[in-house]
Amino acid sequence: MQARPDLLKSFDKPGMALVESGFIAGPLADAARAAPEIRRRARLTATEFEAEHRTPRRPVVLQGMVDDWPALKTWGFNYFANHYGSQKVTVDAYNSARAREMSLAQFVQLLEQQPSEGGAPVYLQEWYYKAADPLLALDTPELEVAQYDFRRELYGEAISTNHQLWAGQRGGVTILHQDAYLVDVMHIQLVGEKRWIVMAPEAHLHSLDGGQPDFARLAADPAAQLMQCTLRPGDVLFLPSQWWHRVELLSDSIGVGRKCLDPSNLRKHVRLRMGELLCLALNREEVHHTHPELFNVALSRARTLARRMDVDLSKLRP
Ligand SMILES: O=C(O)CCC(=O)C(=O)O
């Protein structure tokens, strides 16, 4: 008998909308609300972090790691509009129907208006702020606990793809996903609050006989290790690679995703990156069709990677 597919891994729009509906109401939404909180630890050393969280792959909210970050003191929507207003950004990049380019100043203006009745909140997702302006990079110095990130060795000193800024309006949602290319998530909350619901890589959404998702089974499955937390300014969330996460903004919010490649994931990481680039190069139209929400995001990541690696896209063999 063929194994039933994992509905969490549907990448088409209806499949993703169905999974998202489970977090709005019903047994999974109820279980998420009541789920245990991710453990919080204050001022861990890098060695303690490695032994107690990174190696055993245990999520944690780290406190006291970014107290000296200029971004924690200075960043805000008006600060961005006043200092970096002319930067071009893609707003709502994770929604192909809504994604649009504008200046950062225009984005902040939009954000200051309330979404219209039934209208979706605006969300600037995955902006490669370090690649956009080196001055912004100075506001978010390197984290000691993130030194294991192997991407610097792999792609070069200037690498900062996956150092992403997430800025959005209350109510904004990033739907459930796993991060690409097996990177660990380190998410630093700088302004406002957001709620994370997370599940272990072993989580599986089975379908019932009629094809509908069995949210109750997922909610009750101990292997899913459903947990939650609310991040506040100064918190750093660590999630090992492949952990599922869904994020909802409880207020207007700014956070930074500083991803890390654990050297133990290196071979698989390279295969996944190569696989994605080959799909984009050799089967562009079909990938656009099968992954409408991911296509532009994947292209944008690949372009940023090329820029940061000084790749001349017109030369096959530089
Ligand atoms: O903050 C968000 O909306 C999503 C962040 C995220 O998915 C990440 O940092 O991996």
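Just so you know, ligand 1 is whichever comes first in the structure, and atom 1 is the first atom listed for that ligand. These numbers come from the heavy atoms of this one structure, side chains and all, not from hydrogens, waters or symmetry mates. All values reported here derive from a predicted model rather than from experimental measurement.
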For H245, the ligand 1 atoms with a heavy-atom partner under 4.0 Å come out as 6 (C), 7 (O), 8 (C), 10 (O)
Side chain, backbone, both or neither: W196 near ligand 1, heavy atoms under 4.0 Å
side chain
Applying the ring pair (Phe, Tyr, Trp, His ring centres under 6.0 Å) test to W75, which of W69, W166, Y129 qualifies?
Y129
Verify whether one side chain among R273 and Y155 offers a donor that lies under 3.5 Å from an acceptor in the other.
yes
Numbered atoms of ligand 1 (with element) below 4.0 Å of Y123, judged on heavy atoms
1 (O), 2 (C), 3 (O)
As a test of understanding, state which of L237, D235, L143 forms a side chain to side chain contact (heavy atoms under 4.5 Å, CB included) with I188.
L143
May I ask whether K259 places a heavy atom under 4.0 Å from ligand 1?
yes
Could you check whether any heavy atom of H177 sits closer than 4.0 Å to an atom of ligand 1, since that is the contact criterion I want to use?
yes
Answer yes or no: is there an ion pair linking E52 with R41, defined by an N-O contact shorter than 4.0 Å?
yes
Which of the numbered atoms in ligand 1 are below 4.0 angstrom from a heavy atom of V247?
1 (O), 2 (C), 3 (O), 4 (C)
Between D179 and K259, does at least one N-O distance fall below 4.0 Å, as a salt bridge requires?
yes
Of the protein's non-hydrogen atoms, which lies at the shortest distance from atom 1 (O) of ligand 1, and what is that distance?
K194 NZ, 2.7 Å
CD-OG distance between E126 and S300, expressed to the nearest 0.5 angstrom
6.5 Å
Pair Y84 and W127, ring centroids less than 6.0 Å apart:
no
Tell me whether T174 has any N or O atom under 3.5 angstrom from an N or O of ligand 1.
yes
Below 3.5 angstrom, do we get any N/O pair linking H187 and ligand 1?
yes
Under 4.0 Å from ligand 1, counting heavy atoms only, is it the side chain of D179, its backbone, both or neither?
side chain
